[in-house]
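What follows is one structure encoded as structure tokens, with my remarks underneath.
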Amino acid sequence: MYTLSGVTKRYTRGKSTVDALADVDLTIEDGGRLVIQGPTGGGKSTLLQMLGGLDRPTAGSVELDGVDLTKLSEAKLTKVRAQNIGFVFQSFNLIPTLTAQENVETALVPLGGRPAERRRRAAEALDSVGLGERLGHLPSEMSGGQQQRVAIARALVKQPKVLLADEPTGNLDESMRDEVMEVLETMWKEHGLTFIMVTHDSAIARRAPRLATIRKGRVTITENAAA
Amino acid sequence: MFFTYLRRELRRRRKAALVVASGLALGIALVIIVSSVSSGMSKAQDKVLESLYGLGTDMTVTKAAAAPGSSSQRPRFEFDAKGDDSKQSSDRVMVQGFQTLSSTTVDKVGKQSGVADAVGGLSLNVLKVDGQFKRGEFKQNGNAGAADQRGPGGGGTTQPQGEVQGGGASFDVNSYSVYGTDVTKQDLGPLTSSKITKGRTFKATETDAEVAVVDASYAKEKKLAVGKTVTVSGTKYKIVGVSTADSGDAAANLYIPLKQAQTLADAKNKVTTVYVKAADSQQIDSVKSAIQKNISGTTVTTSADLADTVSGSLSTASDLATSVGKWLSIAVLVAAFLVAGLLTSSAVSRRVREFGTLKALGWKSGRVTRQVVGEALVNGLMGGVLGIAVGLAGAYVVTAISPTLTAQLGGSGGGGGMAGGPGGMGGPARQAASKSLDIALTAPVSLSTILIAVALAVAGGLIAGAFGGWRASRLRPADALRRVE
Ligand SMILES: Nc1ncnc2c1ncn2[C@@H]1O[C@H](COP(=O)(O)OP(=O)(O)OP(=O)(O)O)[C@@H](O)[C@H]1O
Ligand SMILES: [Mg+2]
């Protein structure tokens, strides 16, 4: 469970300062699903960075299962990311020189274990997103939708508690968008994850049971019981 | 994963890797070529010095230069007109340089501290005049006149020849050099720079035997061979061996036992040169000053002193190799290291999102840095292999072409044919006055050069890795979300 209180992130560039997040309070239940939307520059990605332990807020605390991420050492925070948090990025962020299977393996590298076991689990994860036949393909040899599915396999192969996705369909055309959304929803249901996703897609936002809207660093929550 | 990732990166981004590697390769190749050429140069220099000294000699002791004008011993020939058509022959034996030391000096030098061994030798010049005489006067051919006459086969020792034709006389004048060697101590002195190619060398018992070793090119010229005899000033010497000089230029035409040489030149218990081997090659200068201080009237010449008098294209080239070559290769190496570092660093900049993503996935900063350093190190080693290959090829080409360098010894350069013609010519290289040698340049690559090249490759890789690794270590996991590459 996430508990955020008074989270502020201030960026200073020269003399001008921007509060990308301003005094944000937020709780997200285990196994919950939160969709984040808002205008460009509103602070969506910044919030995701705080949740994922990619960066530290200027003020406030970010607790994951009772552990304040903002107070952890860099090494401990790295460990939390390695074990508990899966990321999916808008532009896939696959390593271009590695094959699909090797890309998925990179998520298991910090956890140790035997290479053979790592390869087996990577193959399994790729199989579960429907890419069992493409283990040896390079990112450049795959479509955008396939690449994003590799990225989803990479995020989930370590069986994290949390899946964070920043506009996972933002770089995809319509047909691939559905293919990726379908995979993400299945995964969420099967793994019992806490799933937090930033999206610009209003259709997706409308269907979301819980919606966070961020404007100028301020969050408003909308519950949608009907969805 | 480390090696898989490394391999994939190097294979799929081979162009970038090749640029870094070839930059380093250029620097390393240059270092190999320059250092092998300059070691070839110093080998050539050693050869030049060796041809004068013999192997293992650290310095020579000669009599200090006398005041100019003591040319009382200029050669003079006396012939009697015995009537028409009678053939006459006269040998005039002169001590080379006209300056001698007493044999006791050899013992004195040997007793100086730091001297491992000292041996004396007597260098002679023999002027041989053959011909028919009616009436007339022989006028010695001037010093410069016969300067450029050389024996065939590249032998450099000058052979002044002159002809006298006055009043019906017809004479041939020949000059050759004789070296009286101490047969009891044969591991020091000029003969050590020659190999006995036929027959044998002197026996230690032949201290006063009438035997001779003849230099191969002189033997060829005069049709001498083992078993034949050669007559010097009326004494017949049995030829027991033929020697061939390592550098192609012999110290003397004929070698005979020291005592025989002393008798011929009427120089009993005299030597021209004492050859000295120091106990410690690092202590040569102090041994030199000890000898000079304790034994008055002597000039001590070390290899270093003699090397200073070497001029000609060899010394020019060797100066060039040590100064320009050294600085050039250092400059290229530094530039190559810098370029490799900057290229690696900029390669990391282009992969900000990639490394940010790995950090976001939970890769420790150290693991990412290690990956970058590993790539750079392999680039460096590739550069090393390439550089060693190019360097070896370059050194091989130099050796294959083996350009000829000439070395002039004795500085002053003049063409004085007869050593020490005018009395008091002096200088440390009196005996070597105006010796000119042709030496083929080689570029031997030593194992230590290769090891240095490997070390440079590793260093280059590490420097490049340090640039890139520093850059990579400063990336934040949030860089995974960076939009611009
Ligand atoms: N590293 C940074 N340095 C300075 N300012 C930043 C930095 N990252 C983000 N910002 C600023 O913080 C604000 C919020 O940025 P953020 O990326 O969170 O917006 P976003 O809602 O994700 O926008 P988009 O929909 O375009 O992705 C913006 O005004 C942005 O310019
Ligand atoms: Mg964003």
Side-chain angles (χ1 to χ4, degrees), chain A residues 9 11 44-46 48-50 52-56 74-75 77-99 101-113 115 118-119 122 138-140 151 154-155 157-158 160 164 166-167 170-171 198, chain B residues 1-20 344 346-376 378-379 468 470 472-485:
Chain A
K9 179 67 184 179
Y11 288 114
K44 304 183 293 293
S45 295
T46 306
L48 223 55
Q49 284 175 37
M50 299 304 135
L54 297 184
D55 207 348
R56 294 165 196 272
E74 201 53 51
L77 193 59
T78 303
K79 206 169 174 190
V80 168
R81 284 201 303 271
Q83 289 174 336
N84 298 329
I85 296 165
F87 272 105
V88 176
F89 305 96
Q90 179 175 349
S91 39
F92 326 136
N93 290 20
L94 297 177
I95 312 297
T97 55
L98 297 181
T99 63
Q101 188 175 24
E102 287 157 359
N103 262 289
V104 175
E105 279 182 64
T106 58
L108 296 173
V109 165
L111 302 176
R118 219 159 56 198
R119 279 194 287 278
L138 289 175
S140 57
R154 179 177 66 181
V157 69
K158 61 191 174 193
L164 303 173
D166 194 353
E167 297 183 44
N171 277 10
V198 172
Chain B
M1 198 72 208
F2 175 79
F3 289 106
T4 310
Y5 194 7
L6 188 65
R7 224 172 39 237
R8 296 272 190 268
E9 280 301 318
L10 292 170
R11 184 132 54 93
R12 306 234 158 87
R13 287 193 234 257
R14 101 170 70 84
K15 251 186 220 152
L18 213 65
V19 169
V20 173
T344 308
S346 89
V348 171
S349 300
R350 268 179 280 115
R351 290 162 70 188
V352 161
R353 213 168 63 181
E354 175 174 336
F355 293 133
T357 302
L358 290 172
K359 289 190 177 183
L361 290 175
W363 281 43
K364 289 199 191 87
S365 205
R367 191 188 288 276
V368 176
T369 305
R370 204 156 63 229
Q371 202 71 42
V372 172
V373 173
E375 280 177 30
V378 173
N379 279 343
W470 180 76
S473 72
R474 280 163 41 98
L475 295 177
R476 301 170 311 122
D479 286 323
L481 297 166
R482 279 256 281 262
R483 249 173 224 145
V484 279
E485 289 255 294

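On a predicted model such as this, the values are computed, not experimentally measured, just so you know. The figures here come from the full heavy-atom set of this structure, side chains too, leaving out hydrogens, waters and symmetry mates. Numbered from 1 within each chain, the chains take letters A, B, ... in sequence-line order.
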Next item on the list: Would you please name every residue forming a salt bridge (charged side-chain N to carboxylate O under 4.0 Å, His left out) with B/Arg7, sequence neighbours left out?
Entry: none
Checklist line | Working for side chain to side chain contact (heavy atoms under 4.5 Å, CB included), residues A/Thr106 and B/Met1 | finding: CA-CA 8 Å; A/Thr106 58; B/Met1 198 72 208; 3.8 Å; yes
Check: Are side-chain heavy atoms of B/Tyr5 and A/Thr97 found at a separation under 4.5 Å?
Finding: yes
Next item on the list: Considering non-hydrogen atoms only, spot the tightest contact between B/Arg353 and A/Ser91 and give its length.
Entry: NH1-OG, 2.9 Å
Notebook entry, point to check: Who in residues 364-374 of chain B is close to chain A, using a strict under-4.5 Å heavy-atom cut-off?
Noted result: B/Lys364, B/Arg367
Check: Considering only heavy atoms, which portion of A/Asn93 lies under 4.5 Å from any heavy atom of chain B: side chain, backbone, both, or neither?
Finding: both
Check: Given side chains that start at C-beta, do those of B/Arg13 and A/Pro96 come closer than 4.5 Å, heavy atoms only?
Finding: yes
Notebook entry, point to check: Is it the backbone or the side chain of A/Lys158 that comes under 4.5 Å from a heavy atom of chain B, or both, or neither?
Noted result: side chain
Check: Given side chains that start at C-beta, do those of A/Leu54 and B/Arg476 come closer than 4.5 Å, heavy atoms only?
Finding: no
Margin query: Taking salt bridge (charged side-chain N to carboxylate O under 4.0 Å, His left out) as the definition, give me every residue that meets it alongside A/Glu105, ordered by chain and number, with sequence neighbours left out.
Written below: A/Arg118
Item checked: Spatial distance of atom CZ (B/Arg8) from atom CD1 (A/Ile95) [nearest 0.5 Å] -> 13.0 Å
Item checked: Closest contact, heavy atoms only, B/Leu361 versus A/Pro110 -> O-CG, 3.8 Å
Checklist line | B/Leu358 vs A/Val109 side-chain heavy atoms within contact, under 4.5 Å | finding: no
Item checked: The single option from A/Phe92, A/Phe87, A/Phe89 passing side chain to side chain contact (heavy atoms under 4.5 Å, CB included) against B/Thr357 -> A/Phe89
Margin query: Under 4.5 Å from any heavy atom of chain B, what part of A/Glu102 do you find: side chain, backbone, both or neither?
Written below: both
Item checked: Side chain, backbone, both or neither of A/Ile85 within contact of chain B (heavy atoms, under 4.5 Å) -> neither
Notebook entry, point to check: How would you list, by chain and number, every residue that makes a salt bridge (charged side-chain N to carboxylate O under 4.0 Å, His left out) with A/Lys9, sequence neighbours excluded?
Noted result: A/Asp55
